[in-house]
Novice: 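Quick one: the structure is below, and I'll ask about it shortly.
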Amino acid sequence: MSGTFGSLNTALSALRYNQVVLDTANNNIANAGTDGYTRQRVESSSVSGGVSGLWSRVETNPGYGVAVDGITRMTDAVLDARSRQEHSKQSYLDTRQTVLERVESGIGEPGDSGVSAALSNFRSALQDLSNQPGQAASRSQALATASTVADAFRVQVANIDSEAAQQRASAQALVGQVNTVAASLASTNAAIAQSRLGGSTDNTLLDQRDKLAAQLAELTGAVSTVQTDGTVSVTLGGVALVTGKQADQLVIASGITATGDADGSPVSFAISDGVTTTAVPDGQLGQLGATAELLNTTLPAYRAGLDAVAATFADQMNAQQAAGYDASGAAGSPLFSYDPTNIAGSLAVAITDPDGLAASGVAGGAVDGSNADAMAALGDADGAYQRLVNGFGTQVQSAQQVAANQQALTAQIDNAHEQLAGVNTDEETINLMTAQRGYEAAARVLTTMDSILDTLIHHTGVG
Amino acid sequence: MRVTQRMMTNSSLSSLQTNLAKLSSIQEQITTGKVLNRPSDSPTDTSSAMRLRTALAQQNQYSRNVNDGNAWLGQIDNALGTAADELNRAHDIALQGANTVSMDQSARDALAAEVDQIRSSLIATGNTTYLDRPVFGGVTAGSVAYDASGAFVGTTGTVNRSVADGVKVAVNVNGPDAFGTTGDSVFDHLSALAAALRSNDTAGITAGVSSISADANRVNTVRSEVGARENRLDAAGTAAKNTQLSLTSSIGKLENVDLAEATVNLQAQQVTYQASLAATARVIQPSLLDFLN
């Protein structure tokens, strides 16, 4: 049997314990909607009576109250890592989908204003020219529609170029953001290490640490590992970005100049610790990975496809034009010109005089339209362009489907995470009530003890 | 499974979003009237639609080409009809002139004058134009097929019209094919006849009768051949029109929304959306606190 005053201590521990439970429930409720907050739970254990001394009387007692062992964050490191991984995939796919949809809306097919319609109009104008090779109006019309075709190609290229420029600017902004987040994470790491050194753990710091690690994963697909000292190490493609309180700098190694222009080589990244710079392998996830993929693969591929279509078109037209004779009877000079390094973007009509159209298949200035008819019959560019648009449409469609599938997976992981770490206000209300009743009961114990002591002090042995 | 309020809120929110997105896609279909608004809506249908649109533009052009060709051939048909009439008249005159018994020189001179008239009117017929191009001049850049002397000054060549894939129909007739080669042309025969009438050259007049009769036959042969080509053009025109109709309806089937179906879908989607709104409202509101006092 503990001393009489010992019982007061037991009641005190119960009061204190219930106070902590109340506070924790309170904090949980307060943060029920906070992003990145992890539900906390009070861990407690009963205080044992201790071991009796060797020569003491054998004594049994129920224990000396309750001790607060700590406040646990309801989290699972494996689930967190999985969540980060799925979110980095998700942001990669979402970014890609958004950009592809934007590029797609610029294609304008099927419709009356795209390249396909321009090619059809040009062909019709050539047939009209073939019908009336002697008429200035039909010549001008054919030349004007030829310009429309060149314009339609250039509009698409300009569209893709401006998207690429936007992606380069976005890559620069993302790199800056990554470095800021990495620096915050490093200082959070330092704070965690410090508080561990002092023997305490601040759950708020850990929440912040996880939130920053998740942000880095969404931005770059970086992999975070929790170390035994509570800090998080972040690696990007195997290259260390954050180690303890040290944050290295992510830099654009190639592909984008400081002013945001393309430098001709593929976009790549590196991590510099101030002394050495280590290249980050290609194929990262996250928004930055998507931006790099778009800049290095998807956008150039579509642009190359357009170039091929434009080259086929211009070369065929020029060859047929060379086989015919213009209004003055001279052999046709090339109708379209382009810069071989930027075919679709520089496609232009090379002749300015409508009489330069080689409509005639007969030398010597005869009014013949057979060559214009032959030009109208050239349809390889149409087929190639249809295949290109079909291919791109398929790419967009598959990007949408993959993103939707990933969305389902990410939502499921988020749900699993929320099951563990989320706050249920009903549950917290019950915790609150339990703690309240516990507190009341402990207070009643104090009253009882007080009354016992009163009896002992004032009513015992008093004459 | 442990369920938190946030899970419920999040899942309600994401299903509301999903339903709204579906609603918005149906709304887009109905307001634009198209199911193909961008290639990714259906890449295969998009490339089919593009192919059909190209084919439709081609068929429209074929129709225009047929109309243009018909105008050419119609003009030629008319001209050849006039020429045949003139030649019949010349043939009559030649026969009349050959009847030497009943005619004195002044009457023959009058006939010769009429032959000259016919000749110059035939030269004008030979210079018939369509849109400023002499239809008997081949591919000449000049404005006439025959000069005042009746010599062919055009450039022999074929004026073709594409009327179907790979099908070209010649829509012109070269002057020499209808009126004979220079030196042996209808104009030469008419001058010879006029000269023979004036000089009372009986043999010449008789030769004129037969040569003009041969000329008239040639013109009629060419005219019937022109008629056959007009038929070909008409057939091609009808085919192009039919193809246009079927292509337009195919494009419509691919691109245009089935309004009835879309409206039903919209209705169904609206019901789903309202149901999920109602469910959200019921699920999010209650809390344990409502039942504690």
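Here the structure is a predicted model, which means the values were calculated and not measured. The analysis underlying the following values was restricted to heavy atoms, covering all of them including side chains, and did not include hydrogens, waters or symmetry mates.
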Novice: At a heavy-atom separation under 4.5 Å, does V159(B) approach chain A through its side chain, its backbone, both, or neither?
Specialist: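 Looking at V159(B), nothing touches chain A.
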Novice: Based on non-hydrogen pairs under 4.5 Å, which of M8(B), R38(B), E255(B) is most in contact with chain A?
Specialist: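 Most pairs with chain A among the choices: R38(B).
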Novice: Charged N to carboxylate O under 4.0 angstrom, D414(A) versus R6(B)?
Specialist: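 Here D414(A) does not pair with R6(B) in a salt bridge, since their nearest N and O are not under 4.0 Å apart.
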Novice: Does any heavy atom of chain A fall under 4.5 Å from the side chain of K168(B), the backbone, both, or neither of them?
Specialist: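 Just the side chain, heavy atoms under 4.5 Å.
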Novice: Checking side chain to side chain donor-acceptor pair (under 3.5 Å) for the pair Q40(A)/N28(A): CA distance, chi angles, key distance, verdict?
Specialist: CA-CA 7 Å; Q40(A) 300 182 4; N28(A) 280 343; 5.8 Å; no
Novice: Measuring from E163(A):CD to L100(A):CG, what's the distance to the nearest 0.5 Å?
Specialist: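 Rounded to the nearest 0.5 Å, the CD-CG separation comes out at 9.0 Å.
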Novice: So what's closer than 4.5 Å to chain B heavy atoms on D112(A): side chain, backbone, both or neither?
Specialist: both
Novice: Tell me, out of V362(A), I430(A), T425(A), D382(A), who's got the most heavy-atom pairs with chain B below 4.5 Å.
Specialist: T425(A)
Novice: Under 4.5 Å heavy-atom distance to chain A, tell me which part of D41(B) shows up: side chain, backbone, both or neither.
Specialist: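 Backbone only.
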Novice: What option among Q397(A), R123(A), Q386(A) has the most heavy-atom pairs under 4.5 Å with chain B?
Specialist: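 When all of Q397(A), R123(A), Q386(A) are compared, Q386(A) has the most.
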Novice: Against chain A, label T158(B) side chain, backbone, both or neither, depending on which of its atoms sit under 4.5 Å from a heavy atom there.
Specialist: backbone
Novice: Evaluate the side-chain proximity of H87(A) to T410(A): yes if any heavy-atom separation is below 4.5 Å, no if none is.
Specialist: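 Yes, their side chains come closer than 4.5 Å.
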Novice: By a 4.5 Å heavy-atom criterion (distance strictly below it), what part of S124(A) contacts chain B: side chain, backbone, both, or neither?
Specialist: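 The answer is both parts of S124(A).
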Novice: Most heavy-atom pairs under 4.5 angstrom with chain B, which of V396(A), V423(A), D368(A)?
Specialist: V423(A)
Novice: Relative to chain A, which of I251(B), T44(B), L131(B) shows the most heavy atom pairs under 4.5 Å?
Specialist: L131(B)
Novice: Between S11(B), S14(B), S47(B), G142(B), which has the largest tally of heavy atom pairs under 4.5 Å with chain A?
Specialist: S47(B)
Novice: Between D380(A) and Q316(A) (side chain of the first, backbone of the second, donor and acceptor by atom type, cut-off under 3.5 Å), is there such a pair?
Specialist: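 Such a contact is absent between D380(A) side chain and Q316(A) backbone.
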Novice: What parts of residues 233-247 of chain B touch chain A if we use heavy atoms and a cut-off under 4.5 Å?
Specialist: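 Under the 4.5 Å heavy-atom cut-off, nothing qualifies.
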Novice: Can you tell me which portion of A32(A) sits under 4.5 Å from chain B's heavy atoms? Options are side chain, backbone, both or neither.
Specialist: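 The backbone, not the side chain.
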Novice: Could you tell me if S276(B) and N19(B) have a donor-acceptor pair between their side chains, going purely by distance under 3.5 Å?
Specialist: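 A pair is found: one side chain offers a donor N or O, the other an acceptor, under 3.5 Å apart.
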Novice: Tell me whether R161(B) is salt-bridged to D373(A), with the criterion being a basic N under 4.0 Å from an acidic carboxylate O.
Specialist: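 Answer for the salt bridge query: no.
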Novice: One thing to verify: whether R39(A) and E427(A) come together as a salt bridge, which I'm taking to mean a side-chain N less than 4.0 angstrom from a carboxylate O.
Specialist: yes
Novice: Taking only Lys NZ, Arg NE, NH1 and NH2, and the carboxylate oxygens of Asp or Glu, determine whether R73(A) and D207(A) approach each other closer than 4.0 Å.
Specialist: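 Salt bridge flag = yes for D207(A) with R73(A).
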Novice: Check whether Q400(A) gets within reach of chain B through its side chain, its backbone, both or neither, counting any heavy atom under 4.5 Å.
Specialist: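 For Q400(A), the contact with chain B is made by the side chain alone.
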Novice: Kindly give the heavy-atom pair with the smallest separation between L22(A) and A435(A), and that separation in Å.
Specialist: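 Shortest heavy-atom separation between L22(A) and A435(A) comes out as CG-CB, 3.8 Å.
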Novice: Counting only heavy atoms closer than 4.5 Å, note whether T140(B) contacts chain A via side chain, backbone, both or neither.
Specialist: backbone
Novice: Test side chain to side chain donor-acceptor pair (under 3.5 Å) on N70(B) and E230(B) and set out the steps.
Specialist: CA-CA 6 Å; N70(B) 265 333; E230(B) 280 186 290; over 6 Å; no
Novice: Contact between N127(B) and F136(B) at the side-chain level, heavy atoms closer than 4.5 Å - yes or no?
Specialist: no
Novice: Shorter than 4.5 Å, heavy atoms on both sides: which option in L289(B), T155(B), N65(B) has the most such pairs with chain A?
Specialist: N65(B)
Novice: Can you say whether L119(A) sits under 4.5 Å from chain B via the side chain, the backbone, both, or neither, judging by heavy atoms?
Specialist: neither
Novice: Would you call Y130(B) and D68(B) a side-chain contact if the rule is heavy atoms closer than 4.5 Å?
Specialist: yes
Novice: Salt-bridge test for E101(A) and R96(A): reply yes if a basic N is under 4.0 Å from a carboxylate O, no otherwise.
Specialist: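 No, E101(A) and R96(A) are not salt-bridged.
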